[in-house]
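Lettering of chains follows the sequences in order, A, B, ..., and the numbering in each one begins at 1.
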Amino acid sequence: MVNITLPDNSVKQFEEGVTGLDIAKSISEGLARNVLSVKVNGEVWDATRPIMEDARIKLLTWDDKEGRATMWHSSAHLMAEAVEKLYPGVKFGIGPDIDQGFYYDIDLGEKSITDADFRKIEDTMLQLARQKQAFDREEKSKKEALDYFSKKGDEYKLELIDELQDGEITFYKSGDFVDLCRGPHLPDTSPIKAVKILSVAGAYWRGDETRKQLTRLYGITFPKQKQLKEYLELLEEAKKRDHRKLGKELEIYTFSQKVGPGLPLWLPKGAQLRERLEQFLKKVQQDAGYEPVITPHIGKVELYKTSGHYAKYGEDSFKPIQTPVKNEEFFLKPMNCPHHCEIYKYKPRSYRDLPIRMAEFGTVYRYEQSGELHGLTRVRGFTQDDAHIFCTHDQIKSEFNGVIDIVMHIFKALDFKEFITQVSLRDSRDKEKYIGTDENWEKAEKAILEVAEERGLDAKIEYGEAAFYGPKMDFMVKDALGREWQLGTIQVDYNLPDRFNMEYVGADNMPHRPAMIHRAPFGSMERFVAVLIEHCAGKFPLWLTPEQAIVLPISEKYQKYAEKVLKLLNNYDIRALIDDRSEKTGKKIRDAELKKIPFMLIVGEKEEGDGTVSVRKQGEGDLGTFSIEKFAEMVNREVEEMIAP
RNA sequence: GCCUAUGUAGCUCAGUUGGUCAGAGCAGCUGAUUUGUAAUCAGCCGGUCGGCGGUUCGAAUCCGUCCAUAGGCUCCA
C-alpha cells in the first residue's frame with residue numbers, strides 16, 4: 001500500500017501502482033473526467049503513470065496552469081500527428097506548450113503550410129482527438145531511440161537524443177504518432193474539444209540563425225468550444241488596445257515611408273503628451289539631485305572605439321558619417337553613455353563630488369533588423385530618459401534605492417499596477433565572461449538583492465542574465481497581446497569607468513575608480529508611450545492627456561459663453577477646446593467620446609444663465625451641473641493626487 | 001536579415017472566373033439646419049488600385065522583382 005497525501009493534507013491509502021486517474025475516480029467521476037495530469041511530489045506526471053511509493057499529490061485540471069500546460073503539450077503532439085498525416089515524410093523539431101497554447105517546429109522539406117491550410121489541420125486534429133487516442137509512455141534506451149529516428153530519418157530528433165543520457169529517454173505514442181518526449185501527457189486525446197491553429201512562422205532550428213529555418217505552427221486548444229470563442233474574442237479586444245491602432249486614431253505618431261522605417265514622427269498631440277512626461281520626470285529628477293546635461297547626436301568613431309560600442313554597433317548598424325576631411329568619421333550615437341563619460345572627465349573629481357547624477361533625454365539611433373521593427377516599441381531612432389550615476393562602490397545601494405523611488409513614482413502616477421521586476425546576476429560558474437573584480441560584483445549583487453528584498457519587489461532573479469559589464473534590475477510590462485516589454489532599467493557598469501579611465505580622488509588623497517550606474521525609468525519615450533497607450537486603452541491619465549476637456553455649446557447662440565468658459569478653464573491650467581461645429585449635441589458628444597477626451601462640458605441656455613457647465617465624463621456619462629470653479633478644483637485635485645510622490 | 005501573409009481615396013473596407021470595377025461609409029470642403037448627453041440633411045472634392053517590370057487585344061485582378069506593413073525566429077529600450 002502507498003500513502004497518498006492530498007492538497008488538503010488528508011492521507012488516503014491505495015494499492016501500490018495506483019494512478020492519478022484512479023485516485024480521481026475514488027473521489028468523484030466528475031473529477032476523473034476533468035483530470036489532465038497529476039503533480040506527484042512537486043513533479044508533473046501523466047495521470048496514468050503508476051505511483052509506487054508514498055507521495056503528496058495534486059490532481060491537475062484545466063483550472064491549474066500545469067493542467068493547461070499538459071493539455072497544450074499533448075495538443076502539440078496531436079497537431080504533429082495531423083500534420084504528419086496530411087504531409088507524409090515531414091520531420092519534427094520541438095513542440096512545447098507555451099503561455100497561451102503551443103507550437104511545433106516542422107521541417108516540411110519542399111512543402112509549405114499557409115493559413116489557408118489551417119482549417120484542414122484543425123479538422124484532422126479534431127477528428128483524431130475524437131478517436132480518444134491514448135498517450136502511451138515508453139522508456140527507451142538511447143540506442144533504441146537513435147535507431148527509431150535514424151530509420152525515420154529525422155535528424156532533429158537524433159540531435160536531441162544525442163544530448164540526452166541513457167536511462168532518461170522516453171517516447172510517447174498517440175495514434176500513429178511516436179515522439180521523443182519527456183511528457184507528461186493527457187490520459188487520452190478526448191479532452192481536446194476545440195482547436196485553433198493561430199499562425200505560421202519561420203523559426204531557426206535551436207534558435208540559431210546559421211541553422212536551418214523550420215516552419216513553426218502555433219495553435220491553441222480548449223476543453224470547450226465556448227472557451228475558444230472567448231479566447232478569440234479576447235484577442236479581438238486586445239487588438240483594439242494596440243498602440244499602433246490607437247496611436248493612429250488618437251494622432252499620437254505616424255511613420256512616413258519617405259522618412260524611413262522605424263523612424264517615428266511625433267504628431268502634435270503625441271509630442272505634447274511626451275513633453276508632459278518629460279517635464280514630470282525632469283521635476284522628479286531635479287528633486288532627486290540629478291543635473292541635466294546635453295550632448296550632440298554624433299561623436300567621433302574613436303569615442304565608440306574607446307567605449308567598446310563600435311564592436312557591438314559598428315558592423316550591423318548605421319554606417320559612420322564621412323566628412324570632407326580624410327579618415328574623419330562620425331557615428332550616430334547608439335548610446336549616450338560615452339558622451340556622459342567625457343563630461344565626467346572634463347575636470348578632476350573628488351569623492352566629495354560623488355555621487356554625480358547626469359541626466360539627459362538623449363536620442364539614440366540603432367539599425368534594428370527590418371523584421372524587428374514594431375510600431376513605437378521597436379524603432380531605429382528613440383529617446384532614452386537616460387542618466388548616469390557616477391558613485392563609489394559603497395554608494396551603489398543607496399543610489400539603486402533612489403532610482404527605484406523614481407520608477408515607483410512613475411508607475412504610480414500612470415497607474416501601472418502590474419509590472420515584473422527582474423534582477424539579472426552573473427553566472428558565478430563562468431566568471432571569465434564578466435569584467436570587474438569579484439569583490440565589486442559581490443558587493444553590487446548583494447546591494448541589488450537587498451534593495452529588492454527591502455522594497456518588497458518580488459523580483460524574478462535570473463542568474464547568468466547580467467550584462468558582461470555589470471548586474472542589473474529591469475522593469476517589464478505586458479502589452480495588449482501579452483508580450484513582455486522591458487521599460488525601466490538600472491544597470492551597474494564596471495566596464496566604462498575602466499575604458500575611459502575615470503577617477504576620483506578619495507579621502508586618502510589617492511585616485512580611485514568610480515562605479516557607474518546607467519538608468520532609464522521610462523526606458524525610452526517611444527516604447528513607454530506605446531505601452532502606456534495599451535495599458536490605458538488610449539484613455540490617458542488626466543494629468544497627461546493632451547485635451548482634458550471639451551466645451552460643447554448646444555448651439556451657435558452659446559458660442560460666446562463657451563469661449564468665456566474656455567478662458568476660465570485656461571486660467572485654472574486646464575487644457576480644453578471648444579467644438580463649435582454646427583452639429584447636434586449628440587454628435588459632438590459621440591466624437592468627443594471617441595477621441596477619449598476625459599470631460600465634456602455642455603453649455604446651453606441654463607448654464608449660461610447661472611454661469612455653470614453640465615459635466616459629462618468620458619466613458620461614464622452625466623455627472624451633473626458644476627460651477628466652473630468647482631469643476632476646475634475637481635480636475636486639479638485629481639491631477640495633484642496622481643502625480644504626488 | 002530569414003519564414004509566412006498582406007498592400008484599393010486621410011481612415012475602415014467592397015471589388016465574383018482578367019473585359020463600363022475604380023466603388024461605399026466615415027473624415028474633408030460647400031450649403032441648408034441652431035440643435036440638451038454616442039451619428040441632421042444635401043451636394044462636392046478625393047485613388048496612374050504600394051513601386052517597377054512582364055504575360056495579354058485588354059491587368060486592381062495572372063507572373064517576377066523591389067519597398068512597406070503584420071505575425072513569428074534571432075536581437076534589444
Can you find a donor-acceptor N/O pair under 3.5 angstrom joining the side chain of [X] to the base of [N]?
{"X": "A/Tyr204", "N": "B/G1", "value": "yes"}
{"X": "A/Gln213", "N": "B/C2", "value": "yes"}
{"X": "A/Glu593", "N": "B/A39", "value": "no"}
{"X": "A/Arg206", "N": "B/C73", "value": "no"}

Base, sugar-phosphate or nothing for [X]? Non-hydrogen atoms, less than 4.0 Å.
{"X": "A/Leu373", "answer": "sugar-phosphate"}
{"X": "A/Ser199", "answer": "sugar-phosphate"}
{"X": "A/Gly604", "answer": "base"}
{"X": "A/Leu198", "answer": "nothing"}
{"X": "A/Ala201", "answer": "base"}
{"X": "A/Val379", "answer": "base"}

For A/Ala359, the side chain to side chain contact (heavy atoms under 4.5 Å, CB included) test, sequence neighbours excluded, returns A/Gln285, A/Tyr290, A/Ala387

Testing B/A77, B/A39, B/G1 for proximity to the side chain of A/Gln369, the answer is B/G1

The nucleotide from B/A77, B/A68, B/A5 with an atom nearest the side chain of A/Asp115 is B/A5

**Q.** A/Tyr156 ring center near A/Phe92 ring center (under 6.0 Å)
**A.** no

Ring centroids only, cut at 6.0 angstrom: are A/His77 and A/Trp72 within range, meaning strictly under it? no

Checklist entry - Does A/His339 reach the main-chain N or O of A/Ile298 with its side chain, forming a donor-acceptor pair under 3.5 Å? => result yes

Q | A/Glu465 (side chain) donor-acceptor with A/Val423 (main chain) under 3.5 angstrom | A | no

pair_partner(B/U56), Watson-Crick or wobble, both distances < 3.5 Å, evaluates to none

The Watson-Crick or G-U wobble partner of B/U65, with both key distances under 3.5 Å, is B/G51

Residues passing the side chain to side chain donor-acceptor pair (under 3.5 Å) test with A/Asp405, sequence neighbours excluded, are A/Arg455

Taking atom types as modelled, is there a side-chain donor on A/Thr545 or A/Arg276 under 3.5 Å from an acceptor on the other? no

Ring pair (Phe, Tyr, Trp, His ring centres under 6.0 Å) test vs A/Phe416 passes for just one of A/Phe522, A/Phe528, A/Phe475, namely A/Phe528

Heavy-atom nearest nucleotide on RNA chain B taken for A/Gln486 and for A/Gly207; more 5' hit belongs to A/Gly207

Taking for A/Gly371 and for A/Ile554 the nucleotide of RNA chain B with the nearest heavy atom, the one nearer the 5' end belongs to A/Gly371

Residues in residues 246-253 of chain A with a heavy atom under 4.0 Å of RNA chain B, by number, are A/Lys248

What residues 605-619 of chain A contributes to the RNA chain B interface at heavy-atom separation below 4.0 Å is A/Glu605, A/Lys606, A/Glu607, A/Ser614, A/Arg616

**Prompt:** Is A/Tyr218 stacked on the base of B/G72, with ring centres under 5.5 Å apart and planes under 30° apart?
**Reply:** no

Look at the aromatic rings of A/His388 and A/His340 and report parallel, tilted or perpendicular, splitting at 30° and 60°.
perpendicular

Mark yes when over 12 heavy atoms from residues, nucleotides or ligands other than A/Lys560 sit less than 6.0 Å from its NZ; otherwise mark no. no

The salt bridge (Lys or Arg N to Asp or Glu O under 4.0 Å) partners of A/Glu251 (sequence neighbours excluded) come to A/Lys269

Polar atoms only, N or O, under 3.5 Å: list the protein pairs with nucleotides 40-43 of chain B and their distances.
from	atom 1	to	atom 2	distance (Å)
B/U40	OP1	A/Glu583	OE1	3.4

ask   = Does A/Tyr103 have A/Arg216 sitting over its ring (NZ/CZ under 6.0 Å from centre, angle to axis within 45°)?
value = yes

Does NZ or CZ of A/Arg616 come closer than 6.0 Å to the centre of the six-membered ring of A/Phe599, within 45° of the ring's axis?
no

Below 4.0 angstrom from OP1 or OP2 of B/C75, is there any side-chain N or O of A/Arg380? no

